[in-house]
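Chain A is the first sequence line, chain B the second, and so forth, proteins listed ahead of strands; every chain is numbered from 1.
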2 protein chains.
Amino acid sequence: MYNYRGMADHKSEEARNALWEMGYRLTPQRQLIVDALQDSEGHISAEEIHAQVKARYPHVNISTVYRTLELLKSLGLVTETDMGGGRFRYHPADKGRHHHLICEQCNSVIDIEESTFSQLKRTLLKDYGFKAHLNHIAIFGRCERCR
Amino acid sequence: MYNYRGMADHKSEEARNALWEMGYRLTPQRQLIVDALQDSEGHISAEEIHAQVKARYPHVNISTVYRTLELLKSLGLVTETDMGGGRFRYHPADKGRHHHLICEQCNSVIDIEESTFSQLKRTLLKDYGFKAHLNHIAIFGRCERCR
DNA sequence: TTTCGTGCAAACCCTTTGCATTTGC
DNA sequence: GCAAATGCAAAGGGTTTGCACGAAA
């Protein structure tokens, strides 16, 4: 896999630089995965990333996607949300923390602000001594249109 | 599979009667599964139920456990919680609705009252027009001892 | 050149399903 | 006797892993 410098339109300098600075190699696969995440507006699945990356480089394997996501997670560049049933979706950390409302009827996803949970967090800490780690939460229900 | 009448110590009359009244057969498997759920104090996994049932009737298959849980769910006798990563745990409905705080350090589970979320539910409805279905929720974090 | 990253295929874990057989009623 | 329930084995879906090859520094 050749000449990846200058190939992409550098939307995702931060993640790239972070990888570079930590001593990780800037492979084309990693760059394309980072690009896909950045383009996604969040909530992208590993398979969707894979499909997008394959459109450019057909031989990229999905295990590389998972391994790269693992790396980005460990560097705090990406957060992972369990959307139920063990399906994960990914989101660039620099796009801000938020949570998801998922409509069981139409499958639409509504982003909600992290602050929506601050009251709940306080209650859990006060009443149960429990420090909640609400990274990305998915809440299921019915959206406005589907009720 | 023989003589199941009078074999168990009838802790779980309700579920049994409910099954019976709805016209479902009272097989020994179903009774043992219901017993396992009842004994579990909640939060039992399909595999744990299976192990417990097999101790009495070695030939019971895990698919029967899943099918019975499916049935009990559809009758509203059991609720299912996704404890992350697509692993489900089950809980008898008559033991009351509640949610879970799971410590990432020591894996302990704290039950919390459903009412803890009523404020959040109201906010989601008011601000996003979203009717949340909070059946059983699992929230990860750190418990009092592990901080 | 030496280590790191990748592709491939197989394994994994839990859950679900198809089908022939058994069993409750 | 007959529909309903079970056991078995195989499939399923998304994720992970072992290993040999290939490429980055």
Euclidean distance, atom CG of residue A/Leu26 to atom P of C/dT6 [Å, nearest integer]:
11 Å
In whole Å, I'd like the distance from the CD atom of B/Gln31 to the P atom of C/dG24.
11 Å
So which one's nearest nucleotide on DNA chain C is more toward 5', A/Ile62 or B/Ala46?
A/Ile62
Give a yes or no on whether A/Tyr128 and A/Ile137 share a hydrophobic cluster (residues Ile, Leu, Val, Met, Phe, Trp, Tyr; joining criterion: side-chain heavy atoms under 4.5 Å apart).
yes
Atom CG of A/Asp82 and atom P of D/dG14: how far apart are they, to the nearest Å?
13 Å
Tell me whether the side-chain N/O atoms of B/Gln29 come closer than 4.0 Å to OP1 or OP2 in C/dT23.
no
Using a strict threshold of under 4.0 Å (side-chain N to carboxylate O), is an ion pair present between A/Arg89 and A/Glu48?
yes
To the nearest angstrom, how far is A/Glu47 atom CD from D/dT16 atom P?
13 Å
Output the rounded distance in Å from CZ (B/Phe88) to P (D/dG14).
13 Å
Nearest to the A/Arg30 side chain among C/dG5, D/dT6, D/dG14, which nucleotide is it?
C/dG5
Below 3.5 Å is the cut-off: list the nitrogen or oxygen pairs between protein and nucleotides 17-21 of chain D, distance only.
unit_1, atom_1, unit_2, atom_2, d
D/dG18, O6, A/Arg67, NH1, 3.3

For residues B/Tyr24 and B/Arg30, determine if any side-chain heavy atom of one lies less than 4.5 Å from a side-chain heavy atom of the other.
yes
May I have all residue pairs that pass salt bridge (Lys or Arg N to Asp or Glu O under 4.0 Å) and include part of residues 63-84 of chain A, sequence neighbours excluded?
A/Glu70-A/Lys73, A/Lys73-A/Glu80
Rounded to whole Å, NE2 of A/His59 lies from P of C/dC8 at a distance of 7 Å
In this structure, how many angstroms lie between the C1' atom of C/dG7 and the NE2 atom of A/His50, rounded?
10 Å
Does any part of the side chain of A/Thr27, heavy atoms only, come nearer than 4.5 Å to the side chain of A/Thr68, both counted from C-beta?
no
Report the residue (B/Leu71 or A/Arg25) whose heavy-atom-nearest nucleotide on DNA chain D is the more 5′ of the two.
B/Leu71
With side chains defined as the heavy atoms from C-beta onward, is the minimum distance between B/Ile102 and B/Ile110 less than 4.5 Å?
no
Kindly state whether the ring of B/His43 and the ring of B/His98 have centres lying under 6.0 angstrom apart.
yes
Side chain of A/Arg87: nearest nucleotide among D/dG14, C/dG7, C/dG5?
D/dG14
Between A/Thr27 and C/dT6, does any side-chain N or O lie under 4.0 Å from OP1 or OP2?
yes
On DNA chain C, more 5' by nearest nucleotide between B/Tyr24 and B/Lys73 is B/Lys73
Mind checking if B/Glu70 touches a base, just sugar-phosphate, or nothing, with heavy atoms under 4.0 Å?
nothing
Provide, to the nearest angstrom, the distance between the CH2 atom belonging to A/Trp20 and the C1' atom belonging to C/dC4.
14 Å
